[in-house]
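Notes for the one structure printed next.
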Amino acid sequence: MRKGVIVKVAGPLVVADQMQDARMFDVVRVSEKGLIGEIIEIHSQRAFIQVYEDTLGIGPGEPVESTGLPLSVELAPGLIESIYDGIQRPLDIIYERTGDYITRGITVPPIDRGRKWAFKPHKKEGDRVEGGDIIGSVQETVVVEHRIMVPISIKGTIREIREGEFTVEEIICRVETPDGMRDISMLQKWPVRKPRPYKKKLPPEEPLVTGQRVIDMLFPVAKGGTACVPGPFGSGKTVIQHQLAKWADAEIIVYVGCGERGNEMTDVLIELPQLKDPKTGETLMRRTVLIANTSNMPVAAREASVYTGITLAEYFRDMGYSVALQADSTSRWAEAMREISGRLEEMPGEEGYPAYLGTRIAEFYERSGKVICMGSDNRVGALTTIGSISPPGGDLSDPVVQSTLRVVKVFWSLEDRLAFQRHFPAISWLNSYSLYHDNLEEHMKKHVTEEFPEQRKEAMRLLQQEAELLEIARLVGMDSLSISDRLVLETTRSIREDFLHQNAFHEIDTYTSSEKNYLLLNLILQLHHLCEGMLEKVIPFQKIQGLRVREEIARAKYIPEDQLDQLREIEAHIRSEAEEVLREEGESNA
Ligand code: ADP
């Protein structure tokens with residue numbers, strides 16, 4: 001292919017002429033240094049290229065060569081436990097070779113070409129296969145079985161399939177197709193900007209249990225769903241992301257970190273690999289792929305990183321796994337879009353973001369879902385996407401927040417007011433929402449309890465009532481509230497402190513199963529109902545407030561998962577103490 005010539009360099013944007021052979025989204029090599037870039041706009045012979053590496057010292061007259069291929073990721077065993085940059089360069093290997101700063105133009109394959117993997121066939125000679133069928137597997141880490149799939153374009157009969165140790169490029173299977181024999185290795189490529197296909201999208205009816213009470217009970221996300229968590233600084237965004245990575249009911253985690261300042265990313269790079277996976281006792285990295293943009297990488301690489309991440313996540317979804325993609329934070333991605341758009345001199349939209357910001361965000365979240373995967377076995381995979389957003393000053397009218405809220409179905413609103421009060425997780429129960437309640441109702445009724453939906457509604461109603469009562473009390477004083485209003489406040493205090501508040505660093509409190517979640521809230525609501533009955537029988541409020549069982553309820557969240565019977569005992573105590581009070585009161589009245 002003929003080489004083009006640079007005519008202008010503007011930060012991460014390079015303009016080149018004589019590019020008549022190039023196509024949109026082709027990857028190009030810029031200058032003799034071979035910097036990696038991608039064509040994002042073409043006007044006749046002129047190509048506009050976003051460059052993923054520092055363009056310092058590059059100038060007009062230098063050559064540009066198109067590779068003729070779109071920006072793609074490599075898919076094969078070896079992905080798990082890797083730490084990549086936005087264009088899937090393995091940071092750990094580059095670090096070993098070149099030290100702290102990535103040498104420009106360096107090419108290191110994302111997947112190790114020399115490493116051998118023990119391939120175990122699941123199919124045999126003579127079997128008919130189509131794109132997406134699993135032909136065998138590799139034990140990639142102690143916890144992840146990497147399933148090798150037939151590339152989408154291949155359909156035919158297996159003529160040869162091998163067992164043993166192979167590198168990712170060696171041929172493991174030969175398929176006879178109408179167009180001739182096709183060789184299959186464990187390595188596949190996929191262009192990042194093109195969603196991987198599936199057979200059918202399924203309705204999201206199963207919750208992604210996260211073990212976090214406020215999420216699972218009040219604002220649940222479905223497997224295959226989408227959620228966003230705007231987080232002002234210090235509101236507990238990182239802790240929530242870690243809790244989700246650790247506890248969410250997903251087999252694979254893809255974590256995309258786009259940090260602005262260097263230290264934000266270092267936290268993730270250092271802390272995440274150290275987290276222990278409670279389910280397996282191994283480190284969390286055994287089922288995680290990490291994509292990191294450190295501060296010395298140009299903005300354009302951030303733009304690519306969310307696509308790299310979601311493509312890897314789709315690939316694991318296609319194997320039939322439940323995958324959670326965590327993008328932290330998408331604001332940095334949007335800022336990268338804004339910068340490139342500015343350099344292209346496009347007409348700016350709100351706050352200088354490009355007019356297509358909303359479309360890009362929507363396209364990204366739409367790649368999640370619970371699906372029937374390609375292939376003939378109708379396996380189901382799910383990709384759940386959770387994006388955090390860091391709007392300047394925590395301002396929710398920010399265009400990135402607004403565009404995201406238009407597409408995601410769950411909104412966990414972190415409030416610094418709650419974080420100041422040390423109420424963690426600082427997810428506001430008044431502003432947050434989940435649109436999955438109706439979808440998940442049947443599942444919760446069947447697998448947890450029939451009463452789940454009613455219980456949730458009652459808790460929400462009480463919490464909303466609390467906000468109104470506190471407002472009245474603020475205006476005209478606490479004395480203006482009736483006794484039954486005071487009871488509501490007593491109950492909601494308990495909901496907040498004994499139920500919603502959850503300490504991520506407490507051995508037991510850090511995770512709550514759906515069953516325990518229900519039992520805990522049930523205690524608080526049962527007590528509330530009994531107290532309402534007592535008020536009707538004119539039992540003095542102080543007595544109701546001073547019930548001994550309130551202490552037991554306050555400690556109930558620390559009861560281990562294997563001793564949930566204790567929660568049922570507390571329920572019995574609630575009843576016996578209420579009866580006792582009624583009896584005493586009856587006696588003193590007699
Ligand atoms: P952000 O990433 O939003 O700046 P962090 O996630 O680092 O905030 O949280 C700030 C601090 O808040 C943490 O260091 C921790 O002490 C506290 N914190 C946040 N969430 C929890 C939680 N669920 N349980 C206990 N402490 C928490």
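Nothing here was measured: the structure is a model prediction, and the numbers come from that model. Each ligand, and each atom within it, is numbered from 1 in the order the structure gives.
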For residues 557-564, tabulate all N or O donor-acceptor pairs below 3.5 Å that involve a side-chain atom, not counting sequence neighbours.
| from | atom 1 | to | atom 2 | distance (Å) |
| --- | --- | --- | --- | --- |
| K557 | NZ | E497 | O | 2.8 |
| K557 | NZ | H501 | O | 3.2 |
| E561 | OE1 | S513 | OG | 2.6 |
| E561 | OE2 | S513 | N | 2.9 |
| Q563 | OE1 | Q566 | NE2 | 2.8 |

Report, one line per pair, each donor and acceptor closer than 3.5 Å where one atom sits in a side chain of residues 349-357; sequence neighbours left out.
| from | atom 1 | to | atom 2 | distance (Å) |
| --- | --- | --- | --- | --- |
| Y356 | OH | E346 | OE1 | 2.8 |

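Listed by chain and residue number, nothing satisfies the salt bridge (Lys or Arg N to Asp or Glu O under 4.0 Å) test with D416 (two or more places apart in sequence, or in another chain).
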Quiz item: Given H146 and Y315, is the ring-ring contact (aromatic ring centres under 6.0 Å, His included) satisfied, shown in steps?
Solution: CA-CA 10 Å; H146 195 113; Y315 173 64; 5.5 Å; yes
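Using a 4.0 Å cut-off between charged side-chain N and carboxylate O, R456 and D216 make no salt bridge. With salt bridges taken as basic N to acidic carboxylate O contacts below 4.0 Å, none links R302 and E339.
If you look at ligand 1, the protein residues with a non-hydrogen atom under 4.0 Å away are P232, F233, G234, S235, G236, K237, T238, V239, R422, F424, Q502, N503, A504, F505.
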